[in-house]
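Just so it is clear: chains get the letters A, B, ... in the order the sequence lines come, proteins before strands, and each one is counted from 1. Please read all numbers here as calculations on a predicted model, not as lab measurements.
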There are 2 protein chains.
Amino acid sequence: MSAPRPGPRRPDGYDPRAFEPFAVTVDLAVFTVREERLQVLLVQRGQEPYRGAWALPGGFVLPRESAGLAARRELAEETGLSDATVAHLHLEQLRTYSDPDRDPRMRVVSVAYTALVPDLPEPRGGGDAAHAQWLPYGSYGPLAFDHDTILADAHERVGAKLEYTCLATAFCPPEFTLGELRQVYETVWGVELDRPNFRRKVLATPGFVQAVEGPPRLTGGRGKPAALYRAGQATALHPPLLRPEGRQK
Amino acid sequence: MSAPRPGPRRPDGYDPRAFEPFAVTVDLAVFTVREERLQVLLVQRGQEPYRGAWALPGGFVLPRESAGLAARRELAEETGLSDATVAHLHLEQLRTYSDPDRDPRMRVVSVAYTALVPDLPEPRGGGDAAHAQWLPYGSYGPLAFDHDTILADAHERVGAKLEYTCLATAFCPPEFTLGELRQVYETVWGVELDRPNFRRKVLATPGFVQAVEGPPRLTGGRGKPAALYRAGQATALHPPLLRPEGRQK
DNA sequence: CCTTTAAGAGTCACCCTGACTATAAAGCTG
DNA sequence: CAGCTTTATAGTCAGGGTGACTCTTAAAGG
């Protein structure tokens, strides 16, 4: 609990001689729902350590950047999407990982971010991370560094936030059906939800979704065509939509 | 969204020449409930910038420390409590603040932590922060740096976590009455709760509190003596104890 | 001794929810 | 084309949790 101190201590805690330089990076846990599965954006490492292993996309925070800006910049680079598109994606700070040994080469403190994106076209790898790609959550070996921990934390956070926020719409395209929205919950939580009850709950929450005018067409698949909705302006979900515990999907 | 890059970019994002050194600190938002008010532990700055202003306690992360360890060490130093006592306090990472201009002297990235402590004896200021003291939340001028933002974020987080976790017991001494526990909710949320309903809810949640054997004595004040309880082993609160919106306290 | 204060027991109605049934409208299959 | 499957949507019903409220008990204070 008491470590050696490199310099004289000042009451305000900012002795310029006391600080040790750290590298600061961002790591991205980018989720989407594709083909009825929760998928994660990963890059394959080209060099040691962890050569060949999958890792979260990320990179250094630049001198005049906040971590949030760095995260959005990296997201644009790794997905190959335009800055304008990326600007509208949901990006949220997860937490910071600072174990002294988390990177064997040097002292790196990493601020992790979680991004939720709709089913986008295949990532293009904008020049720099040509091998970034979607993998189903959990369908890979151990990730590099502490990225398994980060990804598990991110998954838990996303699952929890679905309960008490309207975040699920961030996984959906601009216009979506209630079936697609329900699919998000079922995929992230790994459970099956009762269709009528889910519908009743979502429509009873003011501002969660808003109906789109026009014919209730669409749905490439079979079944009765569903009405289209847009995301509402609400962010919180009162009362929450609690995750059922029992039945696995 | 695209900033100049200091060196050649490598696919794995770890070009050793690319990183810029940052100072990494921790800031502590330490809350307690004293005298029916929510109070925060603050230190008065002794030098520029923000000389004389109140600031959150904190300090540098040392070379072989994680941010969490640094936070707990600083908490022990600022409160003057023993390491053993501090080891049991609730300490939780809030988020990281990394605006390039948040400290006018140098590039400092700060990992903020929230601590919840029971009504402890007056902080002693263990040598180093002799002027750390409790102030009622909001009863001070603008804090130094971005600490107003950090503190507001921390307050919001604590209020939200009371809803769906058993965290309120962290504000209480080892043995407490349901009235004291209710006081925590009322103080943090700034609302008044119905006594019987609160009692029913808490006792109906398995593992939230556990009754202490013995006579139902105690309570220095007037009124019928209350039974004592200890914190249970549960951490989550299902279903949540939702914060009422209407009536102010 | 009466008032005040707070703990604790209990009631009641409403709302949300889970479970379930039924109908409509599409695609698929033979 | 007929029937089956699939999905959307409407509706019912019972149980649990909660808000609002009343009442009793047990202390302290004037």
In whole angstrom, give the distance that lies between atom [atom1] of [X] and atom [atom2] of [N].
X	N	atom1	atom2	value
B:Glu163	D:dT18	CD	C1'	14 Å
A:Gln183	D:dT6	CD	P	15 Å
A:His238	C:dC16	NE2	C1'	15 Å
A:Phe198	D:dT9	CZ	P	12 Å
B:Arg195	C:dG10	CZ	C1'	17 Å
B:Leu178	C:dA6	CG	C1'	12 Å
B:Leu203	D:dT18	CG	P	13 Å
A:Asn197	D:dG11	CG	P	15 Å

From D:dT9, C:dA25, D:dG17, pick the nucleotide closest to the side chain of A:Pro196?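 Of D:dT9, C:dA25, D:dG17, D:dT9 is nearest to the side chain of A:Pro196.
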Which nucleotide in the list D:dT18, C:dA19, D:dT9 gets nearest to the side chain of A:Asp194? C:dA19
Using 30° and 60° as the class limits, which term best fits the ring planes of A:Tyr185 and A:Phe208: parallel, tilted or perpendicular? perpendicular
For B:Gln210, look at atom CD and say whether over 12 heavy atoms of other residues, nucleotides or ligands are found less than 6.0 Å away. yes
Can you name the closest pair of heavy atoms from B:Leu151 and B:Tyr137 and give their distance? CG-CE1, 3.8 Å
Check whether any side-chain N or O of [X] sits under 4.0 Å from OP1 or OP2 of [N], and answer yes or no.
X	N	result
A:Arg199	D:dA10	yes
A:Arg222	D:dT7	no
A:Arg182	D:dA8	yes
A:Lys201	C:dC16	no

Record whether the side chain of B:Arg200 comes under 3.5 Å of the base of D:dG19 through a donor-acceptor pair of N or O atoms.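 It does, because a donor-acceptor pair links the side chain of B:Arg200 to the base of D:dG19 below 3.5 Å.
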With a distance cut-off below 6.0 Å to the six-membered ring centre and an angular limit of 45° from the axis, does B:Arg95 pair with B:Tyr97 as a cation-pi contact? yes
Are A:Tyr164 and B:Tyr164 near enough that their ring centres are under 6.0 Å apart? yes
